2 protein chains.
Amino acid sequence: MVDLTLEDIALQAGVSRSTVSRVLNHQPNVSQDIRQRVMDVIEVTGFQPNAAARSLASHRSWTIGLVLPKGVGAFFSDPYFPRLTQGIAQACNMYEYTLGLFIVNSVEDEEKIYPRISRKGLLDGILVQAGSTGDHLVERLIQNEMPIVALGRPINQCCVNYIDIDNYGSSRIAVEHLVKLGKKRIATITGPQESMAGRERMRGYIEVLGDNGFELDEKLIAYGDFTQASGYSLIRDLLPAKPDALFAGSDSIAYGALQAINEVGLKVPEDIAVVGFDDLTGPNTSLSKHQLTTIHQPVFQFGMSAVELLIDVIENGMTPVRELIVNTELIVRETCGAPKDNES
Amino acid sequence: MVDLTLEDIALQAGVSRSTVSRVLNHQPNVSQDIRQRVMDVIEVTGFQPNAAARSLASHRSWTIGLVLPKGVGAFFSDPYFPRLTQGIAQACNMYEYTLGLFIVNSVEDEEKIYPRISRKGLLDGILVQAGSTGDHLVERLIQNEMPIVALGRPINQCCVNYIDIDNYGSSRIAVEHLVKLGKKRIATITGPQESMAGRERMRGYIEVLGDNGFELDEKLIAYGDFTQASGYSLIRDLLPAKPDALFAGSDSIAYGALQAINEVGLKVPEDIAVVGFDDLTGPNTSLSKHQLTTIHQPVFQFGMSAVELLIDVIENGMTPVRELIVNTELIVRETCGAPKDNES
DNA sequence: GTGAAAGCGCTAACAG
DNA sequence: CTGTTAGCGCTTTCAC
C-alpha cells in the first residue's frame, strides 16, 4: 500500500484538500453528495491521515498518557493495575484516543520520563496514579498546565482534578456491618498510612468504633502495606488480643490473614469474622474456600470514568477543579458470618 | 512556561535553527563550544522539541505499540502480562521510546484499532502478542510493511519476526526431571492446544514419555486452559488413573491442582509429584505452603529483549527474519520431591 | 459550501 | 562546521 496523503484523496475525489480534511473531521459545512464521494474514496483507498501531521497542525495528538510512578510498579503484581489499565484502554478505544503508558521503575526513570511526558505535541492529557511519589509528579505536571487527572486523591495537594472512591465512607460501611453483627473486638490491618486510601480506610474504622462507644485498642491495630504477605504475618500479632472480627485494608491482606487464621486452627467466621476491601476478582478469590465479604470497587469502570474526566478537562479547560467520587458497594458473602440474604 | 521552539533557542544561542537541531539529535558535526552554548540555553530554558513536528519531519515517532489482541485480555488477571508490560516499558524508557498500549477488548475494537495502529506517523513499530486472534492481526500488519515483532511464535505463520521461549525443550526438561525421579505414571494438564505454548509443552511431554518407553495413557492427559480453575477441576478427572506425578502446563494449573490434591487428602510430593511452568512470582506463590518446582521463564527480560529486537528491526529493516529464543531454567523446589541440592 | 494559501515546528539535503 | 532552504502532511483562516 503506497503512502497516500490528503492531496491524493482530494485529487481522486475531484475536490480540494480542505474539503477532504473537513470530511475527515466530521465538520458540518460539506454538501451531502461531495461528502459521500470523498468518503467513498477514503473507503476504497483505505486512507488514514498521518498522525504526526495532524497533531502538528491541530495541536491535538489524540493521545493521553497513563503515568504509574515508582512504587506503584510493585503493585503491578496484584490485579488492581491490570484491571484499571484495561478500563482506561477500553475508554481510549471508545473515544478514539491512543494510550501512552509510562511506568516509572526507578529514580533515574523519573527524571528522564518527566520531560518526555511534558513535551509538547505528544500528549493531550495525563492520568497519573496518586501515591507518595506520584503526588510529587502531579505537582510538576500541573505547573506545566497540562490537562491532568489524578487516579486517587493526592496527599497534600489541593486544586487537582482527581477521581477516587469514597475510602472513608466505604470503610465505615464495612466496619458498621461488623458492628451490626454484634462484633465487639474488631481488629484491623490497614494499608500504608502514606497513601490516602490506607489512611482514609483507617479513619473510617476509628470513627465507627468511636461512634459505637468502643475504645480503641492498639493491640487490635496493625499497619500493613496492602499485600497478602503483610496480612499473613500481621494477623499473628493481633490474634493474642482475641479479636472476634477483622477489617482488612485490602482483599490481599484479608486473604493473607485468612490463611494464617486457618493455619492456627481458628474458624472463619465463627471465631473471627473477616471483611476485606477491593473485591478484585483474581486467581485468589476464584478457588478460595472462603467467600470473602468485602467492599467492591468498580476498578474497570473507574478507569473508564477517569478517561472521560480527562477528556472533559482537555476539551473544557482545567477550571473548575473536578473531583469525582465513584460508588462502592458492600458485598456480603461468607467470611463475615452474616445470615444469607433471602434470595428470590 | 511559554512555548519555545527551536527558533527561540537558536536566537538565544546566537546560532541557526539547524545547529540547534543537530545538537538536539546528537549529531557529530558541531564544534565543541557551540554545542556547549546551545546545550546551556536548552538546559536553562527547559526546552523540549515538539514531538509531532519532529515525527512529521523525520518520519520517526519514537513510539512503539504493544498490541494485546482479544482473548489475551482475559489473561490480564494472571501476573504474566503485567510483568511483560513492565519489562517492555522499562526497555522503552531505556531507549527513549514512548510505549503505546492497545488492548483489544472486543470484536468491534479489533476493527477500529487496526487502522489506528497502522496509520502513518504514529508508531515506528509494533509488538503484538501471538495467539489465535493475534496471529490474524500479525498477518495484516505485516502486509502494511510496519516493523513488527510477535511475542511468542505465531501459529500458521512463517517469515515473521518473533521472540519466544523454547516451550518444547523446556517441557522436555521438566518431564525428564520427573522421569529421572523414577515416576512411572506422569500425568499432564496442558494449556490450550490452539496456542503454540500449549501445544509445544504438550509435545515435549509426549516425546519424553515416548523416549523413555512409556505408553501414552489418555487417562493421564487433560486439556486445560492455563488457568488455576482448570487445574483445580481437571486434576479430579486424572486422579482415578493413579498418577504419581503431574506436569502442569502452567503454574496456575499447578496451583489449582495442588489445592484439589490437598483437598482429597493426597500428599505432595509423596503421593504425587508436581512440576509447573512459568515461575511467575505472584501472590499465589509467596504464601503457598507448597514450593513449586517449575520452569522459570524470565518474563521481564523477555519484554526487554522484545523491545530491543523491535528496535533492531526498525533500524535495520525487516529482512532477514529474526527468531529469538530466550532461555528458561528448571527450578527445583519441593513439589517434585527431588532431594535437596547440596548448598554451600 | 468550497478552494487557496499560510503555517504548525521540526529535519535534512544542499551550499558555502 | 554552519546557515539557508525546502518540505513533512495536515488544519485553518480567509476569500469567494
Side-chain angles (χ1 to χ4, degrees), chain A residues 1-39 41-42 45-63 96 98 115-116 118-124, chain B residues 1-39 41-42 45-63 115-116 118-124:
Chain A
M1 190 197 297
V2 67
D3 285 13
L4 293 168
T5 72
L6 261 194
E7 198 79 42
D8 299 323
I9 304 301
L11 221 61
Q12 290 191 36
V15 296
S16 80
R17 198 167 46 180
S18 335
T19 302
V20 179
S21 173
R22 286 189 190 102
V23 172
L24 233 34
N25 296 294
H26 309 106
Q27 287 179 26
N29 298 332
V30 181
S31 70
Q32 199 42 245
D33 53 335
I34 289 205
R35 181 185 298 275
Q36 192 55 53
R37 206 160 74 215
V38 172
M39 282 170 61
V41 177
I42 291 175
T45 55
F47 170 73
Q48 287 287 127
N50 181 296
R54 169 179 285 205
S55 299
L56 181 57
S58 66
H59 301 281
R60 292 282 254 105
S61 65
W62 296 94
T63 300
E96 310 219 32
T98 295
R116 298 206 17 254
S118 63
R119 97 189 321 145
K120 303 287 170 198
L122 185 58
L123 266 24
D124 286 343
Chain B
M1 188 198 297
V2 67
D3 284 13
L4 294 167
T5 71
L6 261 195
E7 199 79 44
D8 299 323
I9 304 301
L11 221 62
Q12 289 191 37
V15 295
S16 80
R17 199 168 42 174
S18 337
T19 302
V20 179
S21 174
R22 287 187 190 103
V23 172
L24 233 33
N25 295 294
H26 308 105
Q27 286 178 24
N29 299 331
V30 181
S31 71
Q32 200 39 246
D33 53 334
I34 289 203
R35 181 186 299 275
Q36 192 55 53
R37 205 161 74 215
V38 173
M39 282 172 59
V41 177
I42 291 174
T45 55
F47 170 74
Q48 286 288 126
N50 181 296
R54 168 179 284 206
S55 298
L56 181 57
S58 66
H59 300 282
R60 291 282 254 107
S61 65
W62 296 94
T63 299
R116 298 208 15 256
S118 63
R119 99 192 315 146
K120 303 288 170 195
L122 184 59
L123 265 24
D124 285 343

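Chain letters run A, B, ... following the sequence lines, proteins first, then strands; residues in each count from 1. Since we're looking at a predicted model, the values are computed, not measured.
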Checklist entry - What is the distance from CG of A:Leu11 to P of D:dG9, rounded to the nearest Å? => result 15 Å
Checklist outcome for this item: Rounded to whole Å, the CG-C1' distance (A:Asp3 to D:dC8) equals 12 Å
Checklist entry - Shortest non-hydrogen contact from A:Phe47 to A:Thr5? => result CE1-C, 3.6 Å
Checklist outcome for this item: Contacts of A:Ser58 meeting side-chain hydrogen bond (donor to acceptor under 3.5 Å, both in side chains) (sequence neighbours excluded), chain-then-number -> none
Interface polar pairs with nucleotides 4-6 of chain D, N/O, under 3.5 angstrom:
{"unit_1": "D:dT4", "atom_1": "O4", "unit_2": "B:Ser18", "atom_2": "OG", "d": "2.7"}
{"unit_1": "D:dA6", "atom_1": "N6", "unit_2": "B:Arg17", "atom_2": "NH2", "d": "3.2"}

Next on the checklist: Going by side-chain contact (heavy atoms from CB on, under 4.5 Å), name the residues that satisfy it together with A:Ala13, two or more places apart in sequence or in a different chain.
Outcome noted: A:Val15, A:Val38, A:Val41
Checklist entry - Which sits closer to the 5' end of DNA chain D, A:Ser21 or B:Val15, going by the nucleotide each is nearest to? => result B:Val15
Item to check | Interface with DNA chain D, restricted to residues 28-36 of chain B and to heavy atoms under 4.0 Å | outcome: B:Asn29, B:Val30, B:Ser31, B:Ile34
Checklist entry - Would a distance-only check, ignoring hydrogens and angles, find a side-chain to backbone donor-acceptor pair under 3.5 Å from B:Arg119 to A:Pro49? => result yes
Item to check | Nucleotides bounding contact with chain A, strand DNA chain C, heavy-atom threshold 4.0 Å | outcome: C:dG1 to C:dG9
Checklist entry - If you take all heavy atoms of A:Ala52 and B:Ser55, which pair is closest and at what distance? => result CB-CB, 3.5 Å
Item to check | Listed partners of B:Thr19 passing side-chain hydrogen bond (donor to acceptor under 3.5 Å, both in side chains), at least two apart | outcome: B:Ser16
Checklist entry - What distance separates B:Leu11 CG from B:Leu4 CG, expressed to the nearest 0.5 Å? => result 11.5 Å
Checklist entry - Roughly how far, to the nearest 0.5 Å, is OG1 of A:Thr45 from CD1 of A:Ile9? => result 3.5 Å
Item to check | Short side-chain N/O contact to D:dT11 OP1/OP2 from A:Asn25, under 4.0 Å | outcome: yes
Next on the checklist: Expected output is a numbered-order residue list: members of residues 54-61 of chain B with a heavy atom under 4.0 Å from any atom of DNA chain C. What is it?
Outcome noted: B:Arg54, B:Ala57, B:Ser58
Item to check | Residues which pass side-chain contact (heavy atoms from CB on, under 4.5 Å) with A:Thr63, listed by chain and number, not counting sequence neighbours | outcome: A:Ser61, A:Thr98, A:Leu123
Checklist outcome for this item: So salt bridge (charged side-chain N to carboxylate O under 4.0 Å, His left out) across residues 29-38 of chain B, not counting sequence neighbours, yields none
Item to check | Nearest-0.5 Å distance that lies between atom CG in B:Asp3 and atom NZ in A:Lys120 | outcome: 4.5 Å
Item to check | Residues in salt bridge (charged side-chain N to carboxylate O under 4.0 Å, His left out) contact with B:Arg17, at least two apart in sequence or another chain | outcome: B:Glu7
Do any side-chain atoms of residues 20-28 of chain A form donor-acceptor pairs under 3.5 angstrom with protein atoms, and if so which ones, sequence neighbours left out?
{"unit_1": "A:Ser21", "atom_1": "OG", "unit_2": "A:Asn25", "atom_2": "ND2", "d": "3.4"}
{"unit_1": "A:Asn25", "atom_1": "ND2", "unit_2": "A:Ser21", "atom_2": "O", "d": "2.7"}

Checklist entry - In what stems does DNA chain C take part, counting only runs of at least 3 consecutive Watson-Crick or G-U pairs whose two distances fall under 3.5 Å? => result C:1-16 with D:1-16
Checklist entry - Got a second to check how far B:Asn50's CG is from A:Leu56's CG, nearest 0.5 Å? => result 6.0 Å
